[in-house]
Enquirer: 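I am attaching a structure below and will ask some questions about it afterwards.
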There are 2 protein chains.
Amino acid sequence: MTLTQLEYLLAVDTYRHFATAAEKCFVTQPTLSMQLQKLEEELGVQVFDRSRVPVRPTELGKDVIAQARVAVAEFKKIEELVKVQRDGISGELRIGIIPTLAPYLVPLFITDFIKKYPQVRITIQELVTNTIVEKLKLELLDVGLLVTPLHDKTIVEVPLFYEAFVGYLHPSHPLSSLKEITAEAIDPAELWLLNDGHCFRSQVLQLCNRAKDTRNVHLDYESGSLETLKRIVETQSGMTLLPELSVQELPADKTAMVRPFAEPQPLREVSLVVHRSFLKRKTIEALRDEIVTHLPQGLRERHPVRVVKIK
Amino acid sequence: MTLTQLEYLLAVDTYRHFATAAEKCFVTQPTLSMQLQKLEEELGVQVFDRSRVPVRPTELGKDVIAQARVAVAEFKKIEELVKVQRDGISGELRIGIIPTLAPYLVPLFITDFIKKYPQVRITIQELVTNTIVEKLKLELLDVGLLVTPLHDKTIVEVPLFYEAFVGYLHPSHPLSSLKEITAEAIDPAELWLLNDGHCFRSQVLQLCNRAKDTRNVHLDYESGSLETLKRIVETQSGMTLLPELSVQELPADKTAMVRPFAEPQPLREVSLVVHRSFLKRKTIEALRDEIVTHLPQGLRERHPVRVVKIK
DNA sequence: TAAAATAATAGATTTAAACTATTACCTTTA
DNA sequence: TAAAGGTAATAGTTTAAATCTATTATTTTA
């Protein structure tokens, strides 16, 4: 059994396709096939069921793959150790972040982070929660920024801050006359909502005591970005709920459309999450510190009161 | 970096000698030397300081070695996983056990264990606590049976039972007239003791409130085995302290020389200990179960009251 | 200072990993 | 139902690298 064989094994598990896996490993498909056969022969078990398309692990194969991921991760930490010692914080950092956080959180810290750690190459992908979790498990991402808790044992959550929900209302909306709003006063049926799949959607519905998904809320139109929702409220009518960070830098006329919730404000827990293998630890710790120090004062100091849980 | 290279690395760390390490890896010394050089070159750091005899790790090398041990252990678990699935509990099990426990504990479970798990090849070594701990760290032992706590973060302790101390007195001894003895009544200066290095010695001294080591107790003669101490008390005079298991199967005339402590009896915590890498998990769990089920009734059900800590 | 011990180096040999080309075996589709 | 396309295995060759034996360079010990 060699380290290379395990890497081929993990690649096949990740891509579920021999040729693709081989390409990602920079070898040809027969090379990968043969090494996998040798590995299976040595272990005395079939790891993949090749009779199905796409290939998939056997039952025992799943355990082997899981342990192989642990072993290979521990292996990589040896190189990491030496690298951090020699070059300081450096290397590639692949971040996955949910779309309702990205446009407001990333600008806060990104330039200073790049200035402080010029040796780090950052990749940022806007993805929904489920995709981030999957990619973390396959080691296609190093770290995720999203809303927790996830209730996933293979993922480690590091809470960063607790973000309030706020109302965003057209001046014509009945609740617009109030200084503060409450969950009870909101009719979920008249809320502009994000597409299904965004965790912010389910958080909002849950906040309004509508655990189950709802059809014909307002219209069939459902947006993929908070900015679209804001634009609709601004130029048309109705209301929507937004996360606090998205209304930080509004011009005065638009700030007038924001209504905070009455205390205790509903909050969502925003966390940095990593796979429990804890690769690139130092770099990720640097990222966490950099995000936290760049948060608006109010957010950094807030304690969790009523946190909206997803699902 | 290959798995083989790491194994060479660990072997050199374990034996601190290239030729010996090479032999244990079943390769020649030049092979091992070259692979280690390649590894060091690839990592870009010197792992061993060869200018000293015997060779020793550099500061950074120590970290590399520690992480390499973790990685290689996780690697081995892949094979273990498959093996347990295929063959059930099997393979080699190297047990280290302290001399004050071995002759009384091993006979209790060993034959039934061998009968139940014929696929397991057992090796038992009688060693003092420190040696067992060192060998566990170097993976020269799989499991230790000794008295805890050890206060060592790399070792995991699984308490098995709480064993009482008892007095063993020559009929002529003044305390012999009493039914029970107490620590306060014992003069440590007139106790027959084991050699220095045995944890039972320090436990007994601690029990009698003599934390520091004492010279000229009784005589210069200090025994290496409890059986010798017993024989001295039986045929000569004086007293000694013994662990409970060592007086389980005595003939009537000798049982008469045993005096238990008054409640609360002083107890020592006997544990199964393993390295935190948790190799051979299933086999070791089987061992633990087998030991516990073969304990004398009284021992198995006893709760810890006053436990004598070592050092 | 000579002998012994230890690790590094040189060069040859063996082993095995990787490549190209092709085949076998599915599934999909025309 | 045959043809096309996709997928992994197999065959044979080349390339790379791990290991071996023999020897040298250095340090330690007697």
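In this text, all values refer to a predicted model and were calculated from it rather than measured experimentally. Per chain, numbering begins at 1; letters A, B, ... match sequence-line order. Hydrogens, waters and symmetry mates play no part in the numbers below; they use all other heavy atoms, side chains included.
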Enquirer: May I ask you to decide whether A/R69 forms a salt bridge with A/D13, counting only side-chain N to carboxylate O separations under 4.0 Å?
Expert: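 Yes, A/R69 and A/D13 are salt-bridged.
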Enquirer: Listed in order of residue number, which residues of residues 30-38 of chain A have a non-hydrogen atom at under 4.0 Å from DNA chain C?
Expert: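 A/P30, A/T31, A/Q35, A/K38 - these, ordered by number, are the residues of the stretch whose heavy atoms sit under 4.0 Å from the strand.
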Enquirer: Quick one: do B/E80 and B/K282 satisfy salt bridge (Lys or Arg N to Asp or Glu O under 4.0 Å)? Show the steps, please.
Expert: CA-CA 9 Å; B/E80 224 175 87; B/K282 292 280 176 197; over 6 Å; no
Enquirer: Working to the nearest 0.5 Å, report the span between OG1 of A/T148 and CG of A/L272.
Expert: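 Going from OG1 on A/T148 over to CG on A/L272, the span is 10.0 Å.
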Enquirer: Check every strand shown and say whether B/Y8 touches a base, only sugar-phosphate, or nothing at a heavy-atom separation below 4.0 Å.
Expert: sugar-phosphate
Enquirer: May I ask you to test the A/T129-A/V147 pair for a side-chain heavy-atom distance under 4.5 Å?
Expert: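 In short, these two side chains do not touch, never coming nearer than 4.5 Å.
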Enquirer: Take the protein atom CD of A/Q29 and the nucleotide atom C1' of D/dA8, then report the distance between them rounded to whole Å.
Expert: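 Checked: the CD to C1' distance equals 5 Å.
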Enquirer: What are the 5'-most and 3'-most nucleotides of DNA chain C lying under 4.0 Å from any heavy atom of chain B?
Expert: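 Answer, 5' to 3': C/dT6 to C/dT9.
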Enquirer: Applying salt bridge (Lys or Arg N to Asp or Glu O under 4.0 Å) to B/K76 and B/E139, what does each step give before you reach the verdict?
Expert: CA-CA 12 Å; B/K76 286 183 188 162; B/E139 287 172 70; 3.2 Å; yes
Enquirer: State, with a plain yes or no, whether a side-chain heavy atom of A/L43 is found less than 4.5 Å away from one of B/E79.
Expert: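 A/L43 reaches B/E79 side chain to side chain.
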Enquirer: Heavy-atom nearest nucleotide on DNA chain C for A/S51 versus A/V27: which residue maps closer to 5'?
Expert: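 Closer to the 5' end of DNA chain C: A/V27.
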Enquirer: Less than 4.0 Å between a side-chain N and a carboxylate O, is that true for B/K77 and B/E74?
Expert: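 A salt bridge links B/E74 with B/K77.
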Enquirer: Could you tell me whether the side chains of B/S33 and B/Q29 share a donor-acceptor contact shorter than 3.5 Å?
Expert: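 A pair is found: one side chain offers a donor N or O, the other an acceptor, under 3.5 Å apart.
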Enquirer: What is the distance, rounded to the nearest whole Å, between atom CG of A/D49 and atom P of D/dT7?
Expert: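 Computing the A/D49:CG to D/dT7:P distance gives 16 Å.
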Enquirer: Given B/K38 and B/E41, is the salt bridge (Lys or Arg N to Asp or Glu O under 4.0 Å) satisfied, shown in steps?
Expert: CA-CA 5 Å; B/K38 282 184 62 176; B/E41 189 183 356; over 6 Å; no
Enquirer: Keeping A/E40 on the side-chain end and A/F48 on the backbone end, is there a donor-acceptor pair under 3.5 Å?
Expert: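 Yes; at least one donor-acceptor contact below 3.5 Å.
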Enquirer: For DNA chain C, determine which residues of residues 12-26 of chain A have any heavy atom closer than 4.0 angstrom to one of its atoms, and list them numerically.
Expert: A/F26
